[in-house]
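In each ligand, atom 1 is the first atom listed, and ligand 1 is the first ligand listed. Heavy-atom basis, side chains included; hydrogens, waters and symmetry copies ignored.
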Amino acid sequence: MERFTMSAYKYKRVLLKLSGEALMGNKDFGIDPVVPQHIAHELKPAYDAGLEIAVVVGGGNIFRGLSGAAAGMDRAQGDNMGMLATVINALALQDTFEHNDMQCRVMSAIEMHQVSETYIRRRAIRHLEKGRITIFAAGTGNPYFTTDTAAALRACEIGAQVLMKATKVDGIYDCDPVKNPNAKKFDKITYMDVLKKELQVMDSTATALCNDNHMPIMVFNLDAKGIFDRALQGENVGTVVCEDVSK
Ligand code: UDP
């Protein structure tokens, strides 16, 4: 594996948003161990070089509050279950990172002392400064939110330079590239265009929070080998959502 020093990178502190569904790999539910291993492998060069990496993981591979609500469940109750699902994913990722000699802490927005630390912003920053991958679990700790919003919130709180959102597609298109072969990919797009065109990048709460706090969002597909590193070195490997596309 190629080794880089800090100077090879454009960023020092980043937040990576992983969806729960991505962890399923080829399975219909839960976690395919191949995926966390691939993620660890992708993050390792940057970790070794001393980059500060925060992670927010979703829970859609296990439970989503909206699915519970659609089946007649109380929405807040379903959302609480969804948040607990993200903790399971966070612990799985932590285990994999540690098996790859990467120090890692899980911080949960819902207190559960026996399995993880509780999220405290200043402690999170301290973990990052010490070079530990820091996984933020349990979303925002509130129902009616998503882990995309949690990612936007935590990225702002810890002063990340970019929110890197890993998705199934390699960027943002003007329409669904799976259904339409003529779909056009954007290199850059404004937050306002994402909101106006109702592009399914992140939910509107997350996009608005990034807009208000000038937090760039990089949308990319983490499946390609070495892509995380290329992105960190400043290559536009997907689509960047920002205020001004001319800059
Ligand atoms: N959730 C929540 N509050 C939050 C974050 C998540 O209630 O701040 C719940 C919500 O039910 C959501 C589930 O946790 O459906 C899993 O998160 P999400 O759907 O964002 O995961 P992903 O789509 O990234 O796998």
J.: Quick one: which residue pairs count as a salt bridge (Lys or Arg N to Asp or Glu O under 4.0 Å) with a foot in residues 56-70, not counting sequence neighbours?
T.: Glu21-Arg64
J.: In order of chain and number, which residues sit within 4.0 Å of ligand 1 by heavy atom?
T.: Lys17, Ser19, Gly20, Glu21, Gly58, Gly59, Gly60, Phe63, Arg64, Gly65, Asp79, Gly82, Met83, Gly139, Thr140, Asn142, Pro143, Phe145, Thr146, Thr147
J.: Tell me whether Lys197 is salt-bridged to Asp174, with the criterion being a basic N under 4.0 Å from an acidic carboxylate O.
T.: no
J.: Give me each pair satisfying salt bridge (Lys or Arg N to Asp or Glu O under 4.0 Å) with a member in residues 129-141, each pair once, sequence neighbours excluded.
T.: Arg126-Glu129
J.: Can you find a heavy atom in the side chain of Leu232 that is under 4.5 Å from one in the side chain of Lys10?
T.: no
J.: List the residues meeting ring-ring contact (aromatic ring centres under 6.0 Å, His included) with Tyr119, not counting sequence neighbours, and say none if there are none.
T.: Phe136
J.: Using modelled atom types only, decide if a donor and an acceptor are shared between the side chain of Thr239 and the backbone of Gly171 within a distance under 3.5 Å.
T.: no
